[in-house]
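Have a look at the structure below before the remarks.
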Amino acid sequence: MRASQLFAPTLKETPAEAEVISHQLLLRAGFIRKAAAGIYTFLPLGWRVLKKIENIVREEMDRAGAQELVLPILQPAEVWQESGRWELYGEEMFRLKDRHGRSFCLGPTHEEIITALVRNEVNSYKQLPLLLYQIQNKYRDERRPRFGLLRGREFIMKDLYSFDRDEAGLEESYWKMYTAYSNVFRRCGLKFRAVEADTGAIGGNFSHEFMVLADTGEARVVFCPSCDYAANVEIAQSVPQPLHTPDEQLPLKKVSTPGKRTVEEVCAYLGVVPQRLIKTLLYEADGQLVAALVRGDRELNEIKLQNALGCQKLKLAEPEQIRKIFGVSVGYVGPVGLEGIPIYADLEIPYLVNAVAGANADDYHWVNVNPGRDFLPANVVDLREVRVGEPCPRCGHPLEGCRGIEVGQIFKLGTKYSEALRATYVDEKGKERPIVMGCYGIGISRTMAAAVEQHHDEKGIIWPVSIAPYQVVVIPVSVKDPLLREEAERLYKELEAEGVEAVLDDRDERAGVKFVEADLIGYPLRLTLGNRTLSQGTVDWKWRKNQEEEAVPREGLGRRVKEAIQKSLEELNAPGT
RNA sequence: CGGGAUGUAGCUCAGCUUGGGAGAGCACCUGCUUUGGGAGCAGGGGGUCGCAGGUUCAAAUCCUGUCAUCCCGACCA
């Protein structure tokens, strides 16, 4: 490609609307343009990157035995009504009607439509297992699209669905995908980590997320440097840490704590450490009130609570509501004598001796509260948010933390959708069984943005060679000089003949402009031809990711570049790097 | 959906407080010079000031409404 022909409009200044670095750089370097909030046009450079990522994904899915197909974006309401998600999905689904008034949606995901397909076409155990996938647009009417490509309303996704005879088959498909996903992100040149994850609204009971590690990531992850434990903090666990308080149980006593509502205020007033407090939070779970207890120095993890309750909607109860029902302000609620609602206590609560808790009366707390004696926590479950430094639940080594961008997630679905949509097969014994399913997604456009978040510097993008829009840029410092121009032209043709993806910057621009744009766009390798080097029979060779530039012989350069690109691609291809 | 902010040329923004000429830099076009890190000089084109009402002799500027965009939160495979 000649830079003079390339449609890659660059911007000198950062558009005001872009906050995150990937958004800024992709706009500035001419990879994308915004059409509406969360909706983007992919310009030629951006589209080339997407296709590179797609092809890596495609190769790895095919290698895992999957088959590519294309499902409709425009989907009839019926299948969604069958699964019950027409109602559940809510506002996030783009809905529309045809001229006859029939309801449709733009597919936010494709479990329904593919399950409906498979139930008609798969009848026998002989047809299983089956792995089917597609790469296409998804539509979700996000309440707040943001961060450029990282959270759009229209985005490109690879979604794969596995269909197995039984749990054992699903297990095999799941780990096949785990391996395939690891291969994909490694080959894309990304530092990533697979972490245990919440299954959320999609259902199912087992899941991993693939996180591209970046400080700007929204997701927080904890991992163990000693064993292989790694999890999203949404579900991460650690060993409960009992207090070393071998005190004898003292008699329960009500004390006045006027105006002291928060943990800090109560601790300061009573002269106790926050670890000795029982924090009581009242939640409304699908309309029903529940109490959740964690230690005063801990944070409650709402996802854990929601999973423990098995509810759809969970929110903190309103202070007015609490006052109406219990006649007490939020700061003075406590588990002792709290009648009529279920109590969920964190694993650390039963270890407490002579704790402090709200007395369910304004301006009073109980001291010497002893779980088991003074109240019965009916449900003791893991509720607290894990913190870095706590012991790994597997091996006890202190956990470390990092941030990540979720680029993929794999789920064991089980029979949730096959039962709802009656997708069954007949086994060897002639018995009808529900197909056991899994689903597996990769955000293709998000991966592109995540790559930029992870690989950039103050000058611009630094594409990993495997997903760069072009591998090499050839820069003649002046095209007015016929010798330079011809030599650059020759080198460009040589590279093309070797199958190297090259851009020749044949524009009549100053060298500085070409360098700055090359750095911004992020070509992995830059070859510069100037008068100095020309007379010496060399070319200046510089990797985008390195600082140093070196003069290399012009002779045989095409082949040398080919080999160097090949070598870096192979390094990414090799497992275990 | 709650809170905050912003809409003026392709991009970044000034002008608005205190109403009267639509501006700057970059980008674009022409010419000359320049050519190893976003050049210089000269000339030129380009904007219903988001949109709709209102106040006024007069509105980018004041008022009301509305739409869009961004940020925080809530939400979120």
Side-chain angles (χ1 to χ4, degrees), chain A residues 9-20 23-24 27-30 33-39 85 88-93 107-111 138 140-148 150-153 155 157-161 197-204 206-210 218-219 232 234 302-303 306 312-316 406-413 416-417 438-443 446 459-460 475-481 484-485 505 507-521 526-534 539-540 542 549 551:
Chain A
T10 59
L11 304 170
K12 275 192 185 176
E13 291 178 274
T14 303
E17 70 194 27
E19 191 73 13
V20 300
H23 192 195
Q24 293 178 352
L27 282 169
R28 282 192 56 209
R33 285 293 182 265
K34 185 178 71 175
I39 301 174
R85 288 210 291 181
L88 274 180
Y89 224 99
E91 298 276 280
E92 207 175 305
M93 188 187 264
T109 174
H110 284 71
E111 281 85 12
K138 293 277 182 288
R140 291 182 197 172
D141 194 359
E142 294 280 349
R143 287 184 186 189
R144 183 147 94 84
R146 54 180 145 179
F147 307 144
L150 288 171
R151 185 173 296 278
R153 293 193 290 176
F155 56 98
M157 187 173 217
K158 185 279 316 183
D159 47 324
L160 186 147
Y161 305 88
D198 184 46
T199 53
I202 198 146
F206 196 71
S207 177
H208 282 87
E209 287 169 338
F210 286 76
E218 280 192 281
N232 191 316
E234 290 177 354
E302 291 192 357
I303 290 172
Q306 182 162 9
Q312 294 286 348
K313 282 242 168 266
L314 182 73
K315 59 168 190 165
L316 267 173
E406 184 203 330
V407 287
Q409 186 163 16
I410 59 179
F411 295 87
K412 286 187 187 174
L413 290 175
K416 174 174 170 166
Y417 293 94
C439 74
Y440 316 83
I442 292 178
R446 182 183 275 188
K459 292 177 185 167
I475 298 184
V477 294
S478 168
V479 293
K480 288 268 169 64
D481 182 335
L484 267 184
R485 193 176 63 224
D505 199 339
R507 297 172 303 165
D508 183 16
E509 290 284 358
R510 298 165 63 83
V513 173
K514 298 183 183 183
F515 291 145
V516 167
E517 283 199 10
D519 287 345
L520 179 61
I521 290 170
R526 186 179 86 191
L527 301 172
T528 307
L529 289 81
N531 288 311
R532 292 185 222 147
T533 57
L534 198 58
V539 167
D540 285 330
K542 181 178 178 302
E549 188 163 43

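Per chain, numbering begins at 1; letters A, B, ... match sequence-line order. Given the structure is predicted, the values throughout are model-derived calculations rather than measurements.
- Phosphate proximity of B/C72 to A/Arg144: present, with a side-chain N or O under 4.0 Å from OP1 or OP2.
- Of the charged side-chain nitrogens involved, none lies within less than 4.0 Å of a carboxylate oxygen, so that A/Glu19 and A/Arg146 do not count as a salt-bridged pair.
- Rounding to whole angstrom units, NZ of residue A/Lys480 and C1' of B/U33 are separated by 10 Å.
- Of the listed nucleotides (B/C75, B/C11, B/G37), B/C75 has the atom at the smallest distance from the side chain of A/Arg146.
- When each of B/C70, B/G36, B/C72 is scored by its nearest atom to the side-chain atoms of A/Val477, the top-ranked nucleotide is B/G36.
- Straight-line distance from the CG atom of A/Asp198 to the P atom of B/C75: 13 Å, rounded to whole Å.
- The CD atom of A/Gln24 sits 11 Å away from the P atom of B/U12 (whole-angstrom rounding).
- Between A/Arg510 and B/A39 there is a side-chain N or O to OP1 or OP2 distance below 4.0 Å.
- Only the C1' atoms considered, B/U30 is 28 Å distant from B/G21, to the nearest whole Å.
- At a threshold of 4.0 Å, the pair A/Glu111-A/Lys416 does not count as salt-bridged, since none of the basic side-chain nitrogens sits closer than that to a carboxylate oxygen.
- A straight line from CD of A/Glu302 to C1' of B/C76 spans 14 Å, rounded to a whole angstrom.
- A donor N or O paired with an acceptor N or O is not found under 3.5 Å between the base of B/C76 and the side-chain atoms of A/Arg140.
- Distances were taken from every side-chain heavy atom of A/Asp519 (C-beta onward) to each of B/U35, B/C70, B/G37; the shortest belongs to B/G37.
- Annotation: B/G45 and B/C1 have their C1' atoms spaced 46 Å apart (nearest Å).
- Taking only distance into account, the side chain of A/Glu509 never meets the base of B/G38 through a donor-acceptor pair shorter than 3.5 Å.
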Intermediate values then yes/no, side chain to side chain contact (heavy atoms under 4.5 Å, CB included), A/Arg151 and A/Arg446: CA-CA 8 Å; A/Arg151 185 173 296 278; A/Arg446 182 183 275 188; 3.9 Å; yes
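- A/Lys34 has its side chain out of reach of A/Pro15: every pair of non-hydrogen atoms, C-beta onward, lies at least 4.5 Å apart.
- The distance from atom CD of A/Glu218 to atom P of B/A74 is 11 Å, rounded to the nearest whole Å.
- Of all nucleotides listed (B/C75, B/G36, B/C76), B/C75 comes nearest to the side chain of A/Arg143.
- For A/Asn531 against B/G36, no side-chain N or O and base N or O form a donor-acceptor pair under 3.5 Å.
- The CZ atom of A/Arg532 sits 12 Å away from the C1' atom of B/U35 (whole-angstrom rounding).
- Judged by distance alone, with hydrogens and angles left aside, A/Glu13 brings no side-chain donor or acceptor close enough to the base of B/G38 to form a pair under 3.5 Å.
- At a cut-off of 3.5 angstrom, the base of B/G10 holds no donor-acceptor pair with the side chain of A/Arg28.
- Contacts of A/Ala16 with the nucleic acid, taken as non-hydrogen atoms under 4.0 Å apart, involve only primed sugar atoms and P, OP1 or OP2.
- For the pair A/Lys34 and A/Tyr89, nearest-nucleotide mapping onto RNA chain B gives the more 5' position to A/Lys34.
- At B/A27, one or more side-chain N or O atoms of A/Lys12 fall inside 4.0 Å of OP1 or OP2 (strictly under the cut-off).
- For A/Ala36, the side-chain atoms get nearest to B/U69 when compared with the rest of B/C75, B/U69, B/U12.
- The A/Thr10 side chain lies nearest to B/G38 when the options are B/G38, B/U69, B/G36.
- Atom CD of A/Glu549 is surrounded by more than 12 heavy atoms from other residues, nucleotides or ligands within 6.0 Å.
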